[in-house]
Protein chains: 2
Amino acid sequence: MPRRPTIADVAKLAGVSRATVSFVLNNRPGVAVTTQGRVRSAAAELGWTPSTSARALSTGRAHALGLVLTREPELIGTDPFYPAFMAGIESVISATGDGLMLQMSRPGKEADTYRALAADRRVDGVFLTDLRADDTRPALVAELGLPAVVVGAPETDTGLPTVNLDDRPAVRDAVLHLAQLGHRDIAYVAGPDQYSHARRRTQAWSEALAEAGLPAGTLLPGGFTAEGGARATRMLLDLPVPPTAIVYGNDLSATAGMAVAQNAGLRLPDDLSVVGFDDVPLASYTSPPLTTCRANPVSWGRASAQALVEAVRTGGAANLELEPATLVVRGSTGPAPVRAV
Amino acid sequence: MPRRPTIADVAKLAGVSRATVSFVLNNRPGVAVTTQGRVRSAAAELGWTPSTSARALSTGRAHALGLVLTREPELIGTDPFYPAFMAGIESVISATGDGLMLQMSRPGKEADTYRALAADRRVDGVFLTDLRADDTRPALVAELGLPAVVVGAPETDTGLPTVNLDDRPAVRDAVLHLAQLGHRDIAYVAGPDQYSHARRRTQAWSEALAEAGLPAGTLLPGGFTAEGGARATRMLLDLPVPPTAIVYGNDLSATAGMAVAQNAGLRLPDDLSVVGFDDVPLASYTSPPLTTCRANPVSWGRASAQALVEAVRTGGAANLELEPATLVVRGSTGPAPVRAV
DNA sequence: TCAGCCATTTAAACCGGTTCAAACGCCGGG
DNA sequence: CCCGGCGTTTGAACCGGTTTAAATGGCTGA
């Protein structure tokens, strides 16, 4: 196992000093073209790549970004957001040569995680996802001097660059779509209330009801889980006057809710209309296919990564508003059943 | 923004040399207890944590492990494996103080990814997941001198430490369970054939059929996707004599398959029995609840991380066999329909 | 009293890059 | 012929740790 080459080996082979090699590598002006050529071919011949840790030490930049997954263990893995989001990040940082450091953390323990990331200087900046009401993380990263980008949650001003993708238009369209189909009793099964994005979707539902001139609907927590969706659905169906349509905070809850309704003997969408959120791959293949809302987490990851890279480089970045989520109408929504008066 | 403290600051405050601080930090023997105390409280007072990059440079270890996601973009995110697996990894490396570097890579381009990881010395070792037939990665990491642990795929001897979790007993149990219910025509909707684990499940199905004294069943590709599962199911139901039971390579395909069957007017499990694989959170909440196979990806991640840490430290690790996957019987399997003769 | 030993501590080199001030070689102009 | 200036190159310091060999100092036994 030959020792891997260092900048000194390249310098020797090219017949220049280490400084010159470094200049060429970072294409700094002021190096003769012929010298550049010699250095580059020497580097290529030796297969030399600068050591990340050495470079990190002297530049003070880790060349890595941090993503902390603060979601509850049982929620992580049910959510299609993160993998897609990470794919978006990757598409950006693979170009800049940065790495992505992943940390998992249980809610509540997160502050330590960020503190550790900052203290170790393992990352140059972090993504803040799943912001919650009164989230302490924006203040924390500010205190730590750690560049950060907030993913979502634009209304609470954090003083940090924010990349936002508005869920609300899709939820609003879903409600209006149902209203147009004649539904007047549209319930909502919400995600965990502490998440800003979950609350925002709930709010969009309630505002859209008002906009459509409909009475307030029943609101139940579904926790973004299958179990929560199922339980909420059972409760809704047990009401003296059950809703004719249910909008869910995500597809997982919605799919579970559909199963509950079908087990209860309801036909979808004839007896009950259902709308989800996320447009998971399964959504087109449920029975009936799920009407749902589609965001673009890949573009979100891409934009967030660009913003964070920018923030690391310049100390700040502009807020960015992405294309909002849209409604995808499929078979799980239909005309409201004619109800005995 | 005060400059963050270095080891020199701690040394000065404690009235010792930098070397002593380093010794205390790595709890090396030969430092007086009183000195240790002074150093530790000085470090605590300054809130000092050693810089990862400096440490990485002098020790030659990056204190990070690499996970390359080589799955197709459309498959990533539909699979509950990785998040759970990463949670398992995290539980180990959070104790050792290591980090987890994530890289995404399209199949085919992966060699470059590993090469880059190794060249940059960004990670001390890598997890090799989703091994495929004639996978070049084991040879590659061996050539690069990069410690690695193979996750799954025990039968193809890679010369690398392997952590395995046997899917087959669960699939076998599923087939025997169906046979006992009177099914004689049990089809299989397989995952992508190039993945070793997908092939192994297929093989388990076919062997179990033989063991149960049943004729060979129909085998169709489902690609581990919803769409593939739906398509395969349609083809199976269109057969002159459709199977009375279908085993799917994963829950996603199975769920999509269930929807297709129900849309075709079949009642489950009366007309058709269905078995999945993974036991995703949704599985208990489909209609009917999905009979499926359950592995433990968290324990897999934990064991793999332990093995990789060991391999990095000592240059090798023992192979490890985890508790095999088990069958979870729910409502989607039932007695075979009585068929007109 | 002093050599010798042990426990403890330290100075200095090293890891592999980056960066700045200084040196170099070469040119044209005075 | 010498000097100033420019384009190019380089020596050396520096980043913040680890590690080794050597120095220090206190104690014991002869």
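Chain A is the first sequence line, chain B the second, and so forth, proteins listed ahead of strands; every chain is numbered from 1.
- Exactly one residue among L320(B), L131(B), N319(B) makes a side chain to side chain contact (heavy atoms under 4.5 Å, CB included) with T162(B). That residue is N319(B).
- You can see that DNA chain D meets the heavy atoms of chain A within a 4.0 Å-exclusive cut from dT8(D) to dG16(D), reading 5' to 3'.
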Check your understanding: So L67(B) and V126(B), side chain to side chain contact (heavy atoms under 4.5 Å, CB included) or not? Walk me through it.
Key -> CA-CA 6 Å; L67(B) 178 60; V126(B) 292; over 6 Å; no
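- Side-chain contact check for Y82(B) and T129(B): at least one donor-acceptor pair (N or O, by modelled atom type) lies under 3.5 Å.
- No side-chain heavy atom of L13(A) sits less than 4.5 Å from a side-chain heavy atom of W48(A).
- Annotation: of the two residues near DNA chain D, R55(B) and G30(A), the 5′-most nearest-nucleotide partner is G30(A).
- S22(B) comes within 4.0 angstrom of a nucleotide base, judged by non-hydrogen atoms across all strands.
- S22(B) places no side-chain N or O within 3.5 Å of a backbone atom of R18(B) that could act as its donor or acceptor partner.
- Atom CG of N26(B) and atom P of dT9(C) are 16 Å apart (whole Å).
- In the region residues 5-21 of chain A, proximity to DNA chain D at under 4.0 angstrom, judged on heavy atoms, holds for V16(A), S17(A), R18(A), A19(A), T20(A).
- As a whole-Å value, the separation of W48(A) CH2 from dG17(C) C1' is 8 Å.
- The interatomic distance linking R28(B) (CZ) with dT9(C) (C1') rounds to 14 Å, in whole Å.
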Check your understanding: Given E143(A) and R137(A), is the salt bridge (charged side-chain N to carboxylate O under 4.0 Å, His left out) satisfied, shown in steps?
Key -> CA-CA 10 Å; E143(A) 173 204 333; R137(A) 291 176 290 164; over 6 Å; no
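- Residue contacts shown for T35(A) are limited to sugar-phosphate atoms, with no base heavy atom under 4.0 Å away.
- More than 12 heavy atoms of other residues, nucleotides or ligands lie within 6.0 Å of CD in Q194(A), so this atom counts as buried by the packing criterion.
- Between the side chain of W300(B) and the main chain of V163(B), a donor-acceptor pair closer than 3.5 Å is present.
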